[in-house]
Amino acid sequence: MVIPSSLKNYFQLFYVLKISAAGFKCTANRGLILQSVSSDVYQNLAVEDWIHDNMNLENRQVLFLWRNSPTVVIGRHQNPWQECNLKIMRKKNIKLARRRSGGGTVYHDLGNINFTFFTSKKKYERMENLKLVVRALKGLQPQLDVYATDRFDLLLDGNFKISGTAAKLGKTVAYHHCTLLCNADRFLLSAVLKSPYKGIKSNATPSMPALVKNLFEEDPTLTCEMVMDAVAAEYARCHQIDHHITLINPADETVFPGINNKTKELQTWEWIYGKTPKFSISSCFNIVYEHILLEVKVDIHVKHGRIEVCNIDLPEQWLPPAMCNELEKNLIGSKFCPSETTILASALLRICPQNYELHRKWSLLCENVMTLM
């Protein structure tokens, strides 16, 4: 009997609500396979945090399967201005998230699967996890040319990266998570993972560019559900547990007490942008005004996501020095983001002399400064 998707979702959610929190913390099962019913990146990353912080993994391992709506996820020590195109992401409403683990920047959408392998720290083994995924894929399609590299990536056909890896090692608990490009939007992936910002100097961890390819380009008969089920089955076989996937709702406080606070923290500007390592941006841009080309130089230093130093160099005869100095002074301490700069510039404009030409020049200057953000 075929169950309509709407009813299937209802039964899945009903089952999720029947899980007890005590089941995760106290059960003696050797392993668990969990799958999120949410496509919200902040909720799914919060599940990782919750398991890491709350579950005793001394004698048990957990596999967590999850997918997200369009999102760029940066590593714990990365700079989003250096790693991605925030302008396109704002325009297309693509989320930005910072995870707790290190590693490079990745693009997620529903055509990408995420696997998180939880163990005790002493049993942590990234290569074994990747080999498990490879075995599962070859079980679905023996002809696939997929293998794990020494850099803990998965390559398809020897050249194309289909999976990247990152990890977090706590005092007693560790987790390794990896992506799997199945049918992701490669055009959007390429667009958002290319930074348009020039002149950035930073000690943040840089991503390593790579050629990518979707797994389903090799075999269009595969689906994300088939791949997740195959990996879950191989995981169950390796750890001698039941091949049973438990669906979870990451917003359910009865199952994950305190998880919504973790989700909220991951969504904050202070976490996503404020945790960026200190950096500077030295750039210049041209302003065209009444057939005159004007070069403006800007030097900005950013710490904890806020402007610490701001120097704007432009000819005195074009704009009164007092106006430029006022902009520099007010930008210091503000968030390095266009929305806050827009509000600040508008507020300053209201107290400027009522002069159309000055207002127009001021607006052009502020608009161009915001292109650096």
Side-chain angles (χ1 to χ4, degrees), residues 12-13 16-17 19-25 34-55 57 62 64-81 83-84 86 89-90 92-103 105-110 112 114 116 118 166-168 170-171 173 175 177 179 192 204 246-277 302-306 333-343 373:
Q12 288 178 343
L13 289 171
V16 168
L17 294 173
I19 300 170
S20 68
F24 283 147
K25 285 190 176 184
L34 309 177
Q35 181 178 333
S36 175
V37 298
S38 172
S39 59
D40 182 274
V41 64
Y42 307 113
Q43 290 183 339
N44 288 326
L45 288 174
V47 171
E48 290 189 327
D49 289 349
W50 193 94
I51 293 174
H52 176 273
D53 295 344
N54 292 277
M55 289 186 68
L57 298 175
V62 176
F64 177 42
L65 312 171
W66 46 296
R67 292 190 289 165
N68 295 318
S69 57
T71 308
V72 172
V73 184
I74 59 176
R76 172 67 179 83
H77 306 292
Q78 290 198 293
N79 181 327
W81 292 275
E83 294 296 331
C84 51
L86 296 172
M89 291 168 62
R90 294 181 193 116
K92 294 187 174 292
N93 199 29
I94 296 172
K95 295 175 182 176
L96 175 67
R98 183 185 296 273
R99 60 181 184 267
R100 304 282 182 187
S101 62
T105 299
V106 289
Y107 170 76
H108 291 183
D109 63 21
L110 294 177
N112 173 77
N114 301 288
T116 310
F118 293 90
K168 177 178 173 62
K171 290 183 178 180
V173 174
Y175 65 75
H177 47 196
T179 59
V192 298
T246 301
L247 298 172
I248 59 170
N249 177 1
D252 191 346
E253 288 274 341
T254 63
V255 178
F256 306 103
I259 196 169
N260 288 321
N261 285 334
K262 293 181 180 295
T263 302
K264 289 175 184 176
E265 181 186 355
L266 290 167
Q267 294 179 74
T268 63
W269 189 94
E270 287 73 20
W271 171 254
I272 298 172
Y273 296 98
K275 290 295 182 182
T276 301
V302 183
K303 184 177 181 180
H304 302 312
R306 292 181 179 272
S334 68
K335 294 175 181 175
F336 188 65
C337 70
S339 57
E340 184 149 321
T341 302
T342 299
I343 295 169
M373 303 177 180

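Just so we're clear, the structure is a prediction, and the values are computed from it rather than from any experiment.
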What verdict does the side-chain contact (heavy atoms from CB on, under 4.5 Å) test give for V62 and L57, after you've listed the backbone C-alpha separation in whole Å, the side-chain angles of each residue and the deciding distance to 0.1 Å? CA-CA 8 Å; V62 176; L57 298 175; 3.8 Å; yes

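- Note that CD1 of I259 is 7.5 Å distant from CD of E253, once rounded to the nearest 0.5 Å.
- Partner W66 forms a side chain to side chain contact (heavy atoms under 4.5 Å, CB included) with one of L34, L45, I248, D40 and no other, that one being L45.
- Judged by distance alone, the side chains of R98 and T276 do bring a donor and an acceptor atom under 3.5 Å apart.
- Rounded to the nearest 0.5 angstrom, I94 CD1 and S69 OG are separated by 10.0 Å.
- Residues L110 and S39 share a closest heavy-atom pair of CD2-CB, 4.0 Å.
- A distance of 5.0 Å separates CG of L96 from SG of C84, quoted to the nearest 0.5 Å.
- With no hydrogens or angles considered, a side-chain donor-acceptor pair links T105 and Q78 at under 3.5 Å.
- N44 and N68 share a side-chain donor-acceptor pair at under 3.5 Å.
- Shortest non-hydrogen contact noted between G102 and A166 is O-CB, 3.4 Å.
- Here the side chain of W50 pairs no donor or acceptor atom with the backbone of M55 at under 3.5 angstrom.
- In this structure, P250 and Y42 have side chains that are not in contact, with every pair of non-hydrogen atoms separated by 4.5 Å or more.
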Evaluate Y175 against F64 for side-chain contact (heavy atoms from CB on, under 4.5 Å), listing each step before the verdict. CA-CA 10 Å; Y175 65 75; F64 177 42; over 6 Å; no

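- Counting only heavy atoms from C-beta outward, the side chains of V73 and V41 approach each other to under 4.5 Å.
- Inspection of the H177 and S101 side chains reveals an N or O donor paired with an N or O acceptor under 3.5 Å.
- Going from atom CZ of F336 over to atom CH2 of W269 covers 10.0 Å, rounded to the nearest 0.5 Å.
- Within the 3.5 Å criterion, the main-chain N or O of I74 finds no donor-acceptor partner in the side chain of E83.
- For E340 (side chain) and S334 (main-chain N/O), no donor-acceptor pair under 3.5 Å exists by modelled atom type.
- Checked against D49 for a side-chain hydrogen bond (donor to acceptor under 3.5 Å, both in side chains), the options R100, K262, R99 give a single hit: R100.
- The two residues L86 and M373 have their closest heavy-atom pair at CD1-O, 4.1 Å.
- I343 CD1 to C337 SG: the interatomic distance, rounded to the nearest 0.5 Å, is 8.0 Å.
- Side-chain contact annotation: T116 with E48, donor-acceptor N/O pair under 3.5 Å present.
- Minimum interatomic distance between N260 and A251 (heavy atoms only, all atoms of both residues): ND2-O, 3.4 Å.
- Using modelled atom types and a 3.5 Å distance limit, the side chains of Q43 and T263 yield no donor-acceptor pair.
- The distance from the NE2 atom of H108 to the NZ atom of K95 is 12.5 Å, given to the nearest 0.5 Å.
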